[in-house]
Each structure stands twice: as C-alpha cells, then as structure tokens.
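Atoms considered below: every heavy atom in the structure, side chains included; atoms not considered: hydrogens, waters and symmetry mates. One-based numbering along the sequence shown. Just follow the structure's listing: the first ligand is 1, and inside any ligand the first atom is 1.
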Amino acid sequence: MTDPPHRDATRLVEAGRRKAWRGRLVNPPVERASTILFDSVAELDGGQARLGEYRYGLQGTATHWALSDALTELEPGAAGTALFSSGLSAITTALLAVLRSGDELLVTDSVYGPTRKFCDTLLGRYGVATRYYDPLVGAGIAELIVPSTRAILLESPGTLTMEVQDVPAICAVARERGIVTLIDNTWATPLLFPALAAGVDISIMALTKYVGGHADVMLGSVTAGEAHFDRLQTISWDLGHAVSPDDAFLASRGLRTMGLRLKQHEANAREVANWLAEQPQVGRMLHPAFDSCPGHDNWVRDFKGSSGLFSFEFRGDEAARRRFIDSLELFGIGYSWGGFESLVLPADPVRTVSEPPAANLVRLHVGLEDPRDLIADLANAFKAAA
Ligand SMILES: Cc1ncc(COP(=O)(O)O)c(C=O)c1O
C-alpha cells in the first residue's frame with residue numbers, strides 16, 4: 001500500500017527540495033552560470049540538453065531545477081515545468097509550441113490584454129488565425145470548432161471581468177477532437193484549481209503574482225503532462241529563453257508561504273468585497289465567490305477557494321471613478337497583483353464577441369493588510385469621490 005499523498009501545506013514545504021540538500025542547506029543555493037565545464041570532449045559530445053543536467057546556462061542550474069521540480073510536484077498529472085522570464089513570455093511561448101501556420105486558435109474573450117495583442121498581431125503574421133469565444137460558452141465550444149482549430153486558450157477567472165469558465169466541459173470537447181487546451185491559471189494557482197486534473201493539457205502561471213508574492217520578481221511557468229512537456233521545453237531553449245537564478249530563488253522562497261498567503265488574501269478580499277457589496281456606489285460585484293459573478297456555479301463546483309483579486313462596477317462618472325482611485329491611500333495604483341500589498345486599477349474590458357458583465361470597473365487586489373484598515377480607506381475614498 002502506498003502512503004496517502006501529502007496535503008497541500010506539507011507539499012508546499014517539501015516540493016522541489018532535492019535529497020542532496022536534506023540536512024544540509026534547506027534552500028537551493030543560487031547557482032549563477034553561463035559556461036559549464038566538461039571533463040573531456042567525449043563528455044561534451046555525449047550529452048543532449050536535458051532538464052536537470054548541467055550543460056549550458058540556458059538549460060539552467062540547480063536553482064532553476066528546484067523551482068521547476070516544485071511547481072511540477074504541486075500540479076497533479078504534470079510531467080515537467082518550463083520557466084520563463086515573465087508570465088507573458090510563458091503564455092506566448094506555449095502558444096508557439098502548439099501552433100503552426102494555417103492553424104486556428106480559439107481564445108476566451110476575457111483574456112489578459114497583452115495575450116490578446118500577441119494573438120492579434122504576431123501570431124497573425126505567422127499565419128495563425130485567432131477567433132475569440134464567449135468565456136461562458138461551456139460545451140457550446142463544440143459549435144465553434146472547425147477543421148483547422150488546433151488549440152483553445154482559457155483563462156479562468158477572466159482578466160478584469162472574472163468570468164469563471166466551465167473548464168472541464170471545454171476540455172472534454174477539445175480532447176475528443178484532438179485539440180490542445182491551455183489555461184492561464186495565475187489567479188488560482190494549482191492550490192485552488194489543479195488545472196491538469198480538470199482536463200487541461202497545459203497550465204500556465206505568471207509566477208510574478210502569487211508564487212513570487214512580494215512584487216519583486218518577473219517570472220512565468222508552463223506545466224504540462226507527458227504528451228506536451230518535451231516540445232514546450234525544447235521550444236523554450238530553441239528561442240533562447242533564460243531566467244535569472246536570483247529570480248528563480250525568490251520564486252522558490254515565495255512558494256513556501258504561498259498557501260498561507262493565499263488563505264489570508266482570500267479572507268481579506270472576502271471581507272472587503274462583502275462590505276463593498278453593501279455600498280450605494282457599488283454596482284455588480286465581480287468576485288467568483290459572489291453569485292453575481294458570471295460562472296459562480298463553476299467556481300463552487302471546481303475551485304478550492306478564491307484569491308485576492310476581483311472587480312466591482314463603480315456607480316458614477318469617469319471623473320468620480322478617478323477621484324475615488326486617486327483618494328485611496330493603502331491601495332497603490334499600479335499594474336500586476338499577487339504581492340503582499342493592496343492595489344487598485346480602473347478597468348475597461350476590451351471585448352470582441354461578447355458583452356462584458358459590467359463596465360466602469362474598479363479592479364482591486366486585496367493584500368495582507370488588516371481588512372478593517374482597507375475598508376476605512378475605501379470608505380474615505382468614496383466620500384472624497386462624491
Ligand atoms: C492573468 C494574467 N496573466 C498573465 C500576466 C502576465 O504576467 P507578467 O506580468 O509576469 O508578464 C498577468 C499580468 O498582469 C495577468 O494578470
């Protein structure tokens with residue numbers, strides 16, 4: 001009989017810590033390298049580039065392998081994880097790995113803006129057509145598939161508008177037809193939504209957000225099962241992607257506390273969102289745990305929790321929305337999210353084939369501050385905006 005698998009908190013502590021370090025260094029050393037030296041020409045000739053073997057800096061060092069092993073261990077069904085210098089480069093390279101000229105790609109209309117830009121510009125130049133679909137399409141995706149459809153990109157919840165997709169239904173249709181599915185799983189991480197287990201082929205994260213967790217690292221990952229991992233890793237090396245070992249080290253360190261941080265982000269965000277939902281200046285709440293959020297039932301069925309990012313409809317004109325945001329003191333105005341600190345952005349979703357659930361949005365990332373202070377800050381800003 002095999003032992004039952006460890007629970008999430010234990011796996012976060014254990015993941016990726018190679019046996020050689022046990023009892024010695026708790027954390028992987030930061031190994032910086034371009035050149036790796038070989039003992040002989042025969043040894044130089046003999047090797048193929050393989051993850052986990054010293055060859056050249058591009059293939060990484062123990063610092064990188066510790067992080068990619070850890071991410072692989074956290075994703076049930078994964079064979080490996082390739083690292084990238086940003087979340088965006090992880091997404092674009094994964095798409096390049098599965099697509100070729102003449103293919104069509106189906107992309108959720110709620111996709112992260114820079115991903116949309118890549119699909120509409122560069123992918124198009126290389127002969128790949130992108131068609132957008134309603135994020136809530138579910139099994140109806142079957143009707144959009146044409147002979148050239150090669151891949152489907154999901155993002156759940158969607159950027160800014162937070163629609164939770166019916167991932168298992170879309171992936172079941174795709175698998176039947178031999179179409180590859182990829183998901184941007186940055187919001188949930190495998191702790192809240194183990195994407196491969198839900199039927200997705202390739203799971204992508206901006207490690208910049210919750211894995212790094214401290215707003216000081218740019219990094220991305222692509223995790224996949226046996227069927228896809230090798231070609232993902234190969235294209236990443238062929239395109240010359242490399243990641244700084246210092247950043248990989250910081251992401252490994254962030255991972256150890258990610259479970260704790262996510263629980264606190266969830267609790268704080270729900271407290272702030274519950275308060276917001278009662279305010280006259282707030283229209284629709286776009287938080288997956290609220291039944292006003294499109295796809296809420298999918299979240300209830302598929303997710304183990306929520307994180308700290310959500311949006312709400314601001315009732316008021318553009319000038320009032322600006323005054324509200326400018327008046328916040330604890331919420332910083334800035335891109336990205338997933339760090340320990342609270343952030344705010346005005347959000348105006350761009351859509352091609354579907355209506356956004358609401359316009360005039362404010363997106364909040366609720367950090368690890370005391371939620372009572374965040375609520376007081378929001379209350380002051382509503383007053384200032386009036
Ligand atoms: C949902 C989502 N995916 C991907 C990215 C890109 O990550 P990075 O900033 O590391 O390129 C972002 C960045 O904000 C994001 O919000």
Practice task
Please round to the nearest 0.5 Å and tell me the distance separating atom CZ of Arg321 and atom CG of Asp326.
Solution key: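 It comes to 11.5 Å.
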
Exercise for the section: Would you give the length of the straight line joining atom CG of Leu378 to atom CH2 of Trp275, rounded to the nearest 0.5 angstrom? Expected result: 5.5 Å

[X]: numbered ligand 1 atoms lying under 4.0 Å from its heavy atoms:
X: Leu88; value: 6 (C), 7 (O), 8 (P), 11 (O)
X: Glu155; value: 1 (C)
X: Thr208; value: 8 (P), 10 (O)

Handout entry: Distance-only N or O hit between ligand 1 and Met218, under 3.5 Å
Key =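 Checking ligand 1 against Met218, no N or O pair falls under 3.5 Å apart.
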
Practice task
Return a yes/no value for Thr159: is any of its N or O atoms, backbone included, closer than 3.5 angstrom to an N or O of ligand 1?
Solution key: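 Thr159 vs ligand 1: no N/O contact under 3.5 Å.
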
Of the protein's non-hydrogen atoms, which lies at the shortest distance from [atom], and what is that distance?
atom: atom 7 (O) of ligand 1; value: Ala206 CB, 3.2 Å
atom: atom 8 (P) of ligand 1; value: Gly87 N, 3.4 Å
atom: atom 2 (C) of ligand 1; value: Asp184 OD2, 3.5 Å

Fill in the blank from the handout: In terms of its nearest heavy atom to atom 13 (C) of ligand 1, the top option of Met205, His365, Lys209, Arg363 is Lys209

Handout entry: Proximity winner for atom 12 (C) of ligand 1, if only heavy atoms of Trp187, Tyr112, Tyr335 are counted
Key =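 The nearest heavy atom belongs to Tyr112.
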
Exercise for the section: Test Thr161 against every option in Arg363, Arg351, Glu355 by the side chain to side chain donor-acceptor pair (under 3.5 Å) rule and name the one that passes. Expected result: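 Testing Thr161 for a side chain to side chain donor-acceptor pair (under 3.5 Å) against Arg363, Arg351, Glu355 leaves exactly one candidate, Arg351.
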
Practice task
Please check if the distance between the ring centroids of His365 and His265 is under 6.0 Å.
Solution key: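 That pair passes the under 6.0 Å test.
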
Problem - Ring centre gap for Trp187 and Phe193 strictly below 6.0 Å - result: no

Exercise for the section: Report yes or no: is the cationic atom of Arg116 (NZ for Lys, CZ for Arg) under 6.0 Å from the centre of the six-membered ring of Tyr132, at an angle within 45° of the ring normal? Expected result: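 Ring-cation test returns yes.
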
Handout entry: Cationic N near anionic O, under 4.0 Å, Glu266 to Lys263
Key =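 Here Glu266 does not pair with Lys263 in a salt bridge, since their nearest N and O are not under 4.0 Å apart.
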
Problem - Electrostatic pair Arg17-Asp69, nearest N-O below 4.0 angstrom - result: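 Salt bridge: no.
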
Exercise for the section: Take every heavy atom of Trp337, measure it against each atom of ligand 1, and state whether any distance is under 4.0 Å. Expected result: yes

